[in-house]
Structure formats: C-alpha cells, structure tokens
Amino acid sequence: MRLLTAAVTSLALTLGAQAISAAPVEIKFSHVVAENTPKGQMAIKFKELVDERLAGKVEVKVFPNSQLFGDNKVLEAMLLGDVQMAAPSLSKFQKYTKTLQIFDLPFLFKDMAAVEKFQNGPEGQKLLNALQKKGLVGLGYLHNGMKQLSSSNPLKVPGDASGKKFRIMTSDVLQAQFEAVDAVPLKKPFSEVFTLLQTKAIDGQENTWSNIYSKKFFEVQPYITESNHGVLDYLVVTSAEFWMGLDNDLKVEVKKALAEAIKHGNTIAAQKALADKQKIIDSRRSEVLTLSDAERAQWVEAMKPVWKKFEDQIGADLIKAAEASNN
Ligand code: LMR
C-alpha cells in the first residue's frame, strides 16, 4: 500500500511538473501610447505573430495607454521581472546610458531616411547594446517620426517660445533644447500631457503627428508648427535575465516575429505621419504653421549650442556619424 501511495505521489508530482513546464512563457508588453499608433500597431502585430507561431509556448499580453506602467517606471519594473517587453522613446533612457541622448539633439537628422540610415549603420547597431551593463537588451529600433511643436500661441521664430512652458520627456537634452530658446521645459509623463494642455497648466509640447492626433492634443492646442526639429523613435527592450532564460529556439522565433512586427510598425509610422497630419488639418481645431527657410534657420541657430553641451557625454565621433547619415 505504501509502495502504491509512493508511486501515485511520484506520478502526480511528475504530471504536476509537466503541467508547470508546459505553461506558456508570458511576455507582458507595456507601452504608453494609443493602439492606433505605430507602436500600438507594432505591439498588436507582434502578439498576433507569436499567437500564430508559438501558441501554447509563448503568450504576449499587450498593455497600451500606460495601463500597466508609465515610461518612467517601466524599466525598473522590467528589471524586477514585472514586465518583459516595452518600447520607450529613445529619450527616456538617460538614467541607464548617455549615448542614446544622441537621438534628442535638435536638428541632427534632416528626415526619417537619415534616422533609418544611422540606426541601420554600424554605430546605430552598436547602440543597441548600450544598456547591456544595466541588465537590459535592446532588441531593435522602431520609428514613430519627426517631432512638431504645438502651442497655445503661434510659434514662428524662437522668440515666440520665450517664457512659455513646454512639456518634455525625461531628457536633459530636451530640457537644454527648450532652454536654448528661453522657454520653460517641464518633464512630465505622457499620460498627463492632455490634461496639462487642457487646463493650460502648460503652453505647449513637442510630439509626432500620430501622438498629437491619437491623444487629441490638437483639440486643445490652437497652433502646431511643422518644425521637424527632432526625432521620436523607440527602442524595443527586454531584460537580460528574461532574455537569457528563454530557450534558444523560442528566442529565434520571438526575434523573428518582433523584426516583422517592427517592419509593420515602421510602415504604419510613415503612413500616419502624413495621414494624421492631414486629419488634424481637416479638423480645423488647430492651425498647422509652416516655417520659411529663414525662420527655420533661426531655430537651428538658437538650438545648435545644445550639441556642444552634450558632446562629451554622447561622443563627438558618434555625432559626426549621425550627421553623415544626412548625406
Ligand atoms: C512621449 O512621452 O511623448 C512619447 O514618448 C510617447 C510615446 O511613447 O510615443
């Protein structure tokens, strides 16, 4: 009888262990934007591809709109194992590395083709490893697009921004950028921007067409200057601990699905930069202002000293390489 009990117990333990080992690996993907954005669509595509190809082995759960974590908390949560993937803007990593600050330098990239060229080149690819020492793995870049300036007053020349309060992402470079035009930058989470604008606690902000449209900033900002003064792109990250713990064959498949999802997201980014701008124009809630070459030159001139200020932290050679991607 005792033998039988022992056999039954052992069988139960084996089955139990199998059941545990058979549980799918969970990837919680946390982000702050709406679903109808490049990042929102990329995350959904990634989930769909993983569901299709790795059913029962890996399960992706997407949490949009800062539902799970804001960008200021998500990396800490990742290191604690509370979330496995995220794609914060490249502006939100300064606590972990200074080199990624390169992407915030004003007027560095003339367009998204230059950004793409730099990211795919040797320096950009090396930057994917910039977080290694901090226990994070960069899995790939994702585009959103060039940033525009929205405001409660028309912004045509730098002097128009003087004394105005602008929400910025958590980035010292962006802080210096607005200080260079005598504006007052305030580091605030993305989830608070609409209310800050609506209540007039701030005067303006900088963001991409798809973020300005999907979060309805254009409804509470009478002017948007098409400045294309900087880039807002993302780094898809995971923790080294999670990534190393994943079976090799799963890792290969997950990486493949992610690469396809990023490609999809990049296509959406290019489309939305045009379509969402047009929707904003058509809404007539906000006037879209363009800059003459002379006006634009004034912004470039006023903000250029920011490069020098961060050259030591970022590296002069890296800045040169990024500049060369404009050619
Ligand atoms: C922001 O905070 O403005 C952006 O980083 C939001 C996003 O993820 O696009």
Side-chain angles (χ1 to χ4, degrees), residues 29-44 46 62-75 77-78 83 85-96 100-104 106 112 115 138-151 165-175 177-178 185-198 201-218 220-221 224 227-237 261-262 265-266 268-273 276-277 280:
F29 193 130
S30 169
H31 69 81
V32 299
V33 290
E35 289 188 309
N36 61 337
T37 56
K39 183 160 56 180
Q41 291 295 305
M42 182 282 267
I44 289 172
F46 175 57
V62 183
F63 299 87
N65 293 311
S66 312
Q67 268 167 24
L68 196 57
F69 294 107
D71 280 338
N72 295 338
K73 283 274 173 300
V74 75
L75 297 176
M78 189 171 280
V83 60
M85 266 194 205
S89 132
L90 288 159
S91 315
K92 294 178 178 167
F93 289 93
Q94 69 173 30
K95 218 171 115 186
Y96 298 86
L100 289 175
Q101 293 183 119
I102 184 145
F103 289 101
D104 281 346
M112 290 309 290
V115 174
L139 295 172
Y141 297 104
L142 170 72
H143 296 322
N144 186 326
M146 301 302 280
K147 288 180 293 185
Q148 320 303 335
L149 289 167
S150 76
S151 180
K165 292 188 195 131
F166 287 86
R167 176 269 175 175
I168 54 164
M169 297 181 268
T170 314
S171 156
D172 291 349
V173 178
L174 298 180
Q175 183 176 337
Q177 171 194 278
F178 278 100
L186 298 163
K187 291 175 181 163
K188 295 283 178 190
F190 187 59
S191 55
E192 290 177 21
V193 181
F194 180 83
T195 306
L196 289 167
L197 293 171
Q198 191 185 35
I202 55 173
D203 302 291
Q205 60 88 47
E206 53 164 18
N207 233 305
T208 59
W209 290 115
S210 69
N211 280 348
I212 294 172
Y213 178 71
S214 61
K215 287 294 177 187
K216 304 193 190 314
F217 300 162
F218 71 101
V220 287
Q221 290 276 265
I224 303 173
S227 52
N228 291 315
H229 63 281
V231 60
L232 198 166
D233 265 16
Y234 306 110
L235 186 65
V236 184
V237 277
I262 286 177
N266 285 347
I268 305 261
Q271 288 166 356
K272 284 207 168 284
D276 289 353
K277 173 183 155 190
I280 291 169

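Just follow the structure's listing: the first ligand is 1, and inside any ligand the first atom is 1.
- The closest approach between His31 and ligand 1 stays at or above 4.0 Å for every heavy atom of the residue.
- Counting the atoms of ligand 1 from 1 in the order shown, those under 4.0 Å from a heavy atom of Asn207 are 3 (O).
- Heavy-atom proximity to Leu232, at under 4.0 Å, picks out these atoms of ligand 1: 4 (C), 9 (O).
- Within the 4.0 Å heavy-atom cutoff, Glu206 does not count among the residues contacting ligand 1.
- Remark: minimum distance from atom 5 (O) of ligand 1 to any protein heavy atom is reached at Lys92 NZ, 2.8 Å.
- Between Lys187 and Asp172, at least one side-chain N (NZ, or NE/NH1/NH2) sits under 4.0 Å from a carboxylate O, which counts as a salt bridge.
- Close approach to Asn211 involves these atoms of ligand 1, each under 4.0 Å from a residue heavy atom: 6 (C), 7 (C), 9 (O).
- Under 4.0 Å from ligand 1, not a single heavy atom of Lys188 appears.
- A donor atom on one side chain and an acceptor atom on the other are found under 3.5 Å apart for Thr208 and Asn144.
- The distance from ligand 1 to the heavy atoms of Val33 drops below 4.0 Å at these ligand atoms: 6 (C), 7 (C), 8 (O), 9 (O).
- If you check which protein heavy atom lies closest to atom 9 (O) of ligand 1, you get Tyr234 OH, 2.4 Å.
- A donor-acceptor contact closer than 3.5 angstrom links the side chains of Gln148 and Asn228.
- Side-chain atoms of Asn207 and Gln205 include a donor-acceptor pair closer than 3.5 Å.
- In terms of protein heavy-atom proximity, atom 3 (O) of ligand 1 is closest to Arg167 NH1, 2.8 Å.
- Interface of Met169 with ligand 1, defined as ligand atoms under 4.0 Å from a residue heavy atom, comprises 1 (C), 2 (O), 3 (O), 4 (C), 5 (O).
- Counting only N and O atoms by type, the side chains of Glu206 and Gln177 include a donor and acceptor under 3.5 Å apart.
- In summary, the side chains of Asn72 and Thr170 do present a donor paired with an acceptor at a separation below 3.5 Å, with no hydrogens or angles considered.
- Scanning the protein heavy atoms around atom 8 (O) of ligand 1, the nearest turns out to be Lys39 NZ, 2.7 Å.
- Side chains of Asp203 and Ser151: no donor on one and acceptor on the other come within 3.5 Å.
- For an aromatic pair to be called close, the ring centres must be under 6.0 Å apart, and Phe103 with Phe93 fails this.
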